[in-house]
Each structure stands twice: as C-alpha cells, then as structure tokens.
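For ligands, and for the atoms within them, numbers begin at 1 and follow the listed sequence. Just the heavy atoms: all of them, side chains too, but no hydrogens, waters or symmetry mates, feed the values below. For this chain, numbers begin at 1 and follow the sequence in order. Just so you know, these numbers come straight off a predicted model, no measurement behind them.
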Amino acid sequence: MLDTVARQGMVLMGCGKMGGAMLSGWLKGGLPPASVWVTDPYPADWLTGAGVHINADYPEAPAVALIAVKPQMMGDALPAVAALGGGRTLVISVAAGTPISTFEEVFGPGTPVIRAMPNTPAAIGRGITAIIGNSAVTEAHMTLTEDLLSAVGQVVRLENEGQMDAVTAVSGSGPAYVFHLIETLAAAGEAEGLDPGLAMALAKATVGGAGDLAEQAEEDPAQLRVNVTSPNGTTQAALEVLMDEDAGFPALLRRAVKAAADRSKELSRG
Ligand SMILES: NC(=O)c1ccc[n+]([C@@H]2O[C@H](COP(=O)([O-])OP(=O)(O)OC[C@H]3O[C@@H](n4cnc5c(N)ncnc54)[C@H](OP(=O)(O)O)[C@@H]3O)[C@@H](O)[C@H]2O)c1
C-alpha cells in the first residue's frame, strides 16, 4: 500500500506529536526508514536512531510532502519545501486552521493539496482524520492519503473545505473535552467520598469502556443510554441533570463546539 511512498520517498516537515505519531505508525507498517526525509529543528531522540534522513536535502520529486508544523510556524517552514510544488509531489497538511489556498499560493498552480484534520488518539492508532483535496487532487491521491492516514486510525472524506471548521470543533479538539469529562467525573467522585486514585481509575475506565462500546455496539448511543437507565433509578437521576435543555450537556456542548468552530474560522482568515 505504501509502495509509491517507499519508492519515491516522503518528506515530513515537522515531526512533533502529530507528525511523530504518524511516522511511527508508517515505520511499524513497513515503510522503509530510508524513504523518509524529516525536517525538524530539534528531532526527538527516537527519531535520530530510526534510520530516516534528518534535515538532509530532499529528493527531487517525493511522492508526498506532509506538513505537520504548528500553524504559526507555517511562514517559516514552507519556503524550504516550496520547490516541491507543481504537480509531481502530493502535499498533505495536518495543520489546524490553515486553508488549502495558503498551500496553493506557496506551492503554485497544479499542486495537489490535501488538508487533513487528525486528532491525538492517533498516537495509539485510534485517531480519526477528515480529509479534503483541491481540484488538482485525483482519486489516486485520495486513496494514497487514506492508506497513509489509516496507519493512525479511521479516515473520512469531506465534501467541502467549509466542513473543516465543524470537524475541528468536534473531533480535532474533541479529545480535550473528553479529558475534561474524565477530570470532572473523577472530581465529582471525590466529592462523594472516594479516594482520588480510585475516582480517577473509575472515571478513565468508564469513559474509555463506554467509548469502545459506543463504537462497537449495533445500537446507537441514545439506545445504549436508554438500555442502562432504569425508571426512577440512579442513572435517571443523573441524566435529568445532564439532559436539562438549558443547563445540561445539550446547551453546554452546543456552545463549546460553536466556540471552537468560530475560532477555527478566525484562524483560517489569518
Ligand atoms: N496534536 C494534535 O492533536 C493535532 C490535531 C490536529 C492537528 N494538529 C496539527 O498538527 C500540527 C502539528 O501539531 P503538533 O501537536 O504535532 O505540534 P508539535 O508537537 O509542536 O510539532 C511541531 C513540530 O514542528 C517542528 N518545527 C517547528 N518549526 C519548524 C520548521 N520551520 N521546519 C520544520 N519543523 C519545524 C517543531 O519543532 P520544535 O518543537 O523544535 O519547535 C515540532 O517538532 C499543527 O499544525 C496542528 O494544528 C495537531
């Protein structure tokens, strides 16, 4: 599946949390390290022993240039890879809030550009990445990108770039909302008298287990919720608080996701 990349090479610009998670997935999946050219000012220790080219001159036409630097570093980073524009190299960006048009300006006309939004569970192969390409992108480019990104989890295609703000607000930023749910569930357990360690163990396993169940079960999450809610029982007592239209999850998450999507739109405007 990664034959084209193994043959022609891949450039990875920025090898921090996200770039590093992806690269380790590809190397584990059999991509030869000698096919990878990494550019990063302070390469991590594991990287220096991995056999990839580090801060070396690029091949003339690698199959893929993956951009994984922070959006605010984009202006410094992109000039070094701009020569790969023109059509022979597929540019994939995972940067939040940087629109496809920014890459089209830097890499020039005819450059296939795919914008991707991954999330941090990619670090354990459980991410979900949404992708959208520009008009120079072919079905072969989309398939290659799906093959690459599936090394770190699921991949979904979007219909237009405008959806990226909502995707960022749901799955890109979403893991942080769930981490906060774990923190606050544990704190609430402590308030009910549990030891901190026990409360945290219960909260983590509950969120992790319920997440897995929601993904694997045939029923949808609403039905799963109904299944564990006995009339007048303990779960119902809590859900009456959480499902309150004004003060519960529905209004709170609507506001939180809207705030993230609005911020993503602002960042895209520069
Ligand atoms: N982490 C996530 O959950 C997540 C989710 C979705 C999208 N993303 C996107 O992924 C991108 C990377 O995020 P991250 O969390 O992986 O950040 P990160 O850990 O800070 O990684 C960025 C890497 O790029 C390096 N870098 C900085 N300037 C560079 C340059 N001029 N040339 C080459 N490399 C350079 C950094 O080196 P130094 O550390 O030495 O500066 C760092 O190793 C961001 O655009 C972000 O929006 C991240």
Engineer: Which of the numbered atoms in ligand 1 are under 4.0 angstrom from any heavy atom belonging to T120?
Structural biologist: 1 (N), 2 (C), 3 (O)

Engineer: Among V81, T111, L78, N134, which residue satisfies the side-chain contact (heavy atoms from CB on, under 4.5 Å) criterion with F103?
Structural biologist: L78

Engineer: Give the residue, atom name and distance (to 0.1 Å) of the protein heavy atom nearest atom 46 (C) of ligand 1.
Structural biologist: A96 N, 3.9 Å

Engineer: Please determine whether a side-chain nitrogen of the Lys or Arg among R269 and E266 lies less than 4.0 Å from a carboxylate oxygen of the Asp or Glu.
Structural biologist: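 No, R269 and E266 are not salt-bridged.
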
Engineer: Considering only heavy atoms from C-beta outward, does the side chain of T145 approach that of L90 to under 4.5 Å?
Structural biologist: yes

Engineer: Which protein heavy atom lies closest to atom 8 (N) of ligand 1, and at what distance to 0.1 Å?
Structural biologist: V94 O, 3.5 Å

Engineer: Any protein heavy-atom neighbour for atom 39 (O) of ligand 1 (distance below 4.0 angstrom)?
Structural biologist: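 Under 4.0 Å from atom 39 (O) of ligand 1, zero protein heavy atoms found.
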
Engineer: With respect to atom 36 (C) of ligand 1, which of L47, T39, D40 exhibits the smallest heavy-atom separation?
Structural biologist: D40

Engineer: Heavy atoms only, cut-off 4.0 Å: how does A80 contact ligand 1, side chain, backbone, both, or neither?
Structural biologist: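 Under 4.0 Å from ligand 1, A80 contributes no heavy atoms.
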
Engineer: Between the side chains of K70 and D76, is the shortest nitrogen-to-carboxylate-oxygen separation below 4.0 Å, so that they form an ion pair?
Structural biologist: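 The answer is no: the pair does not qualify as a salt bridge.
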
Engineer: Would you mind checking which non-hydrogen protein atom is closest to atom 44 (C) of ligand 1, with the distance to 0.1 Å?
Structural biologist: V69 O, 3.3 Å

Engineer: Could you tell me whether E219 and R225 have a side-chain N and a carboxylate O separated by less than 4.0 Å?
Structural biologist: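 No, E219 and R225 are not salt-bridged.
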
Engineer: For N232, look at atom CG and say whether over 12 heavy atoms of other residues, nucleotides or ligands are found less than 6.0 Å away.
Structural biologist: no

Engineer: What protein heavy atom sits nearest atom 28 (N) of ligand 1, and how far off is it?
Structural biologist: M73 CE, 3.7 Å

Engineer: So that I can tick it off, tell me whether K265 and E161 are bridged by a salt bridge, with the cut-off set at under 4.0 angstrom between side-chain N and carboxylate O.
Structural biologist: no

Engineer: Among all protein heavy atoms in this structure, tell me which lies nearest to atom 24 (O) of ligand 1, with the distance rounded to 0.1 Å.
Structural biologist: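 Of every protein heavy atom, G14 CA, 3.3 Å lies nearest to atom 24 (O) of ligand 1.
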
Engineer: Relative to the heavy atoms of M117, which atoms of ligand 1 are at a distance of less than 4.0 Å?
Structural biologist: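 It comes down to these atoms of ligand 1: 6 (C).
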
Engineer: If you have a sec, work out which protein heavy atom is nearest atom 21 (O) of ligand 1 and how many Å separate them, to one decimal?
Structural biologist: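 Residue, atom and distance for the closest contact: G16 CA, 3.3 Å.
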
Engineer: If we count only N and O atoms by modelled type, under 3.5 Å, do the side chains of D212 and Q216 hold a donor and an acceptor together?
Structural biologist: no

Engineer: Quick check on E245: does its CD atom have over 12 non-hydrogen neighbours (other residues, nucleotides or ligands) under 6.0 Å away?
Structural biologist: no

Engineer: Side chain or backbone, does M13 bring an N or O within less than 3.5 Å of an N or O on ligand 1?
Structural biologist: no

Engineer: Report, as yes or no, whether the 6.0 Å neighbourhood of atom CG on D220 holds more than 12 heavy atoms from other residues, nucleotides or ligands.
Structural biologist: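 Yes, because the 6.0 Å sphere around CG of D220 holds more than 12 heavy atoms from other groups.
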
Engineer: Nearest heavy atom to atom 31 (N) of ligand 1: which of A77, P43, G127 does it belong to?
Structural biologist: A77

Engineer: In this structure, does ligand 1 have an atom that sits under 4.0 Å from one of the heavy atoms of P41?
Structural biologist: yes

Engineer: Between D262 and K258, does any side-chain N to carboxylate O distance fall below 4.0 Å?
Structural biologist: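 A salt bridge links D262 with K258.
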
Engineer: Can you find an N or O of N119 that's nearer than 3.5 Å to an N or O of ligand 1?
Structural biologist: no

Engineer: With heavy-atom distances below 4.0 Å as the criterion, list the atoms of ligand 1 near A68.
Structural biologist: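 In order of numbering, the contacting atoms are 11 (C), 12 (C), 22 (C).
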
Engineer: Looking only at distance, does P118 have an N or O less than 3.5 Å from an N or O of ligand 1?
Structural biologist: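 Between P118 and ligand 1, no N or O pair is found under 3.5 Å apart.
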
Engineer: With atoms numbered from 1 as shown, which atoms in ligand 1 lie under 4.0 angstrom from a non-hydrogen atom of P71?
Structural biologist: 44 (C), 45 (O), 47 (O)

Engineer: For atom 2 (C) of ligand 1, which candidate among K17, Q72, M18, M74 provides the closest heavy atom?
Structural biologist: M18

Engineer: What is the closest protein heavy atom to atom 13 (O) of ligand 1, and at what distance does it sit?
Structural biologist: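 For this ligand atom, the closest protein heavy atom is K70 NZ, 4.1 Å.
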
Engineer: Hydrophobic clustering (ILVMFWY, side-chain heavy atoms < 4.5 Å, transitive) - are I128 and L158 grouped together?
Structural biologist: no

